[in-house]
Novice: 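Quick one: the structure is below, questions incoming.
Every number for a ligand or one of its atoms is a count from 1 in the order of the listing.
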Amino acid sequence: MATTVIALLALVVPIWGLPPLAPTQYPGVYQLTEPVDHAECPSWDYRNNILYYVNIHEGQVYRYDYDQGNLAYITLDGEVAPVIPSSRDPNLLIVGLDRSVAAVEWDGVSDPSETRILAALAPDFPTSRVNDGKADKQGRLWIGTMGYEGPDGLTPDEGILYQVTCNNLDSPLIEIAPINISNGLAWNAANDKFFYIDTPSGQVVQYSYNDETGEISDRKVVFDVNNHTEHIVGGPDGMTIDEDDNLWVALYGGGAIIKVDSSNGDLLEIVPLPALDVTSAIWGGPDLDILYVTTSRVSLTDEQKLEQPAAGAVFAIVGLGTKGRPTFEVDILGSIDDESCGAKIALRS
Ligand code: BGC
Ligand code: CA
């Protein structure tokens, strides 16, 4: 059996409320933004050095311009996740909205366009909502849903992972169902493996992936949080992958992001963060060597909020000694009023 080598990077933990570590003490965790309720689904547009993320329940789409150093947001009419720019127009954003896939045009300066609904999701589960999603190399959108999550817990088995393309907007393809909380997604460098997380399972699973057809097959578990309870707690949430095909998995309820070898499931590193609920991560920066990590404060008690004033912020982790690969953009529409996909236009009031 392979031995698990764990580097617990305890030194990187900034003390609550104190400035980040000196640049010599790499890796360093920096707080990039003010906290919001539930920051999630970061994506990086390497064409313009833009970090996008959402504040799900408030319907907010955030845009951080790395070169200008400014942050702007728009508010959509519904719960929003994820946000992914389009391949043919960087200002055309594809978002999940309540139980739909939608498009909005926004350059971070001008007023956004009206939101155009492209496809309906999960019609049988009217209290469910969209959660994480990503584009594959062909520009298909993989987007998941989850059942209603309230004070009494989660409505189980109401999540679905869809594949949405220009050709199936009337009836998006169901890839995996039923699931509980559709979360992290990643593809390896060779683009023949797809990694996926249904949070309550505690597992990261792997499928063989056929990029030409978009088909997944041969499911197997690569990592299970429940096998590492001496070191980590929480549920695996969003994830990203680095240039060496190691997975970086956010631990919701675990106060950390972990590095996992996707080839054998070894837990390689644990990077603690000053927020209990770590939601997702993406590689960004001009050299793709900054790990941007989103966090949440929505489930914290009042006491926990006082102890974790930065919970809900986006953090930038530098000096991790590795970097990411550019992620993919969605290729569904060329412009907001492009009809070539045969999408039905339904403008939200
Ligand atoms: C969801 C949360 C959920 C969490 C669990 C997130 O992606 O948005 O509602 O509690 O996953 O890990
Ligand atoms: Ca998530």
Novice: With rounding to the nearest 0.5 angstrom, report the CG to CZ distance, Leu276 to Arg297.
Specialist: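 It is 12.0 Å, given to the nearest 0.5 Å.
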Novice: Report yes or no: does a heavy atom of Arg129 sit under 4.0 Å from some atom of ligand 1?
Specialist: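 So Arg129 counts as touching ligand 1.
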Novice: With Thr327 as reference, evaluate Ile241, Asp136, Ile282, Leu288 under the side chain to side chain contact (heavy atoms under 4.5 Å, CB included) test and give the passing residue.
Specialist: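 Passing option: Ile282.
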Novice: Note the single closest protein heavy atom to atom 10 (O) of ligand 1, along with its residue, its atom name and the distance in Å.
Specialist: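 Result for atom 10 (O) of ligand 1: Glu149 OE2, 2.6 Å.
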Novice: For ligand 1, which atoms sit closer than 4.0 Å to a heavy atom of Met146?
Specialist: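 Answer, ordered by atom number: 1 (C), 9 (O).
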Novice: Taking Leu320 as the fixed residue, which of Val271, Asp289, Asp242 is the one that meets the side chain to side chain contact (heavy atoms under 4.5 Å, CB included) rule?
Specialist: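 Of the listed residues Val271, Asp289, Asp242, the side chain to side chain contact (heavy atoms under 4.5 Å, CB included) partner of Leu320 is Val271.
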Novice: Answer with side chain, backbone, both or neither: which part of Asn183 has a heavy atom less than 4.0 angstrom from an atom of ligand 1?
Specialist: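 It is the side chain that gets close, since no backbone atom is under 4.0 Å.
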Novice: Students should be able to answer this: which protein heavy-atom is nearest to atom 7 (O) of ligand 1, and at what distance?
Specialist: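 I find the closest protein heavy atom is Glu40 OE2, 2.7 Å.
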Novice: Search all heavy atoms of Leu300 against all heavy atoms of Ser296 and return the closest pair with its distance.
Specialist: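 Closest heavy-atom pair between Leu300 and Ser296: CD1-O, 4.3 Å.
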Novice: Does any N, O or S atom of Asn183, backbone or side chain, fall under 3.0 Å from the Ca ion (ligand 2)?
Specialist: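 Yes, since at least one N, O or S atom of Asn183 sits under 3.0 Å from the Ca ion (ligand 2).
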Novice: Could you check atom 8 (O) of ligand 1 against the protein and tell me its nearest heavy-atom contact, residue, atom and distance included?
Specialist: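 Its nearest protein heavy-atom neighbour is Asn131 OD1, 2.8 Å.
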Novice: Quick one: closest heavy-atom pair of Ser113 and Val104, and the distance?
Specialist: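 Closest pair (atom of Ser113, atom of Val104, distance): O-CG2, 3.5 Å.
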Novice: Could you give the distance from CG (Leu121) to CZ (Arg99), rounded to the nearest 0.5 Å?
Specialist: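 Interatomic distance, Leu121 CG to Arg99 CZ, rounded to 0.5 Å: 9.5 Å.
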Novice: Heavy atoms only: give me the nearest Thr294-Pro42 pair and the separation to one decimal.
Specialist: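 Closest approach of Thr294 to Pro42: OG1-CD, 3.7 Å.
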Novice: Are Leu185 and Leu161 close enough that some pair of their side-chain heavy atoms sits under 4.5 Å apart?
Specialist: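 Yes. Closest side-chain heavy atoms under 4.5 Å.
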Novice: Please state which part of Ile56 comes within less than 4.0 Å of ligand 1, counting heavy atoms only: side chain, backbone, both or neither.
Specialist: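 Ile56 to ligand 1: side-chain contact only, backbone stays beyond 4.0 Å.
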Novice: Has Thr199 got any heavy atom lying under 4.0 angstrom from an atom of ligand 1?
Specialist: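 It does; at least one heavy atom falls under 4.0 Å.
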Novice: For atom 11 (O) of ligand 1, which protein heavy atom lies nearest, and how many Å away is it?
Specialist: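 Of every protein heavy atom, Asp237 OD2, 2.9 Å lies nearest to atom 11 (O) of ligand 1.
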Novice: Please determine if the Ca ion (ligand 2) has an N/O/S atom from Asp132 lying under 3.0 Å away.
Specialist: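 Asp132 does not place any N, O or S atom closer than 3.0 Å to the Ca ion (ligand 2).
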Novice: Side chain, backbone, both or neither: which applies to Glu79 and ligand 1 if a contact is any heavy-atom pair less than 4.0 Å apart?
Specialist: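 The answer is neither.
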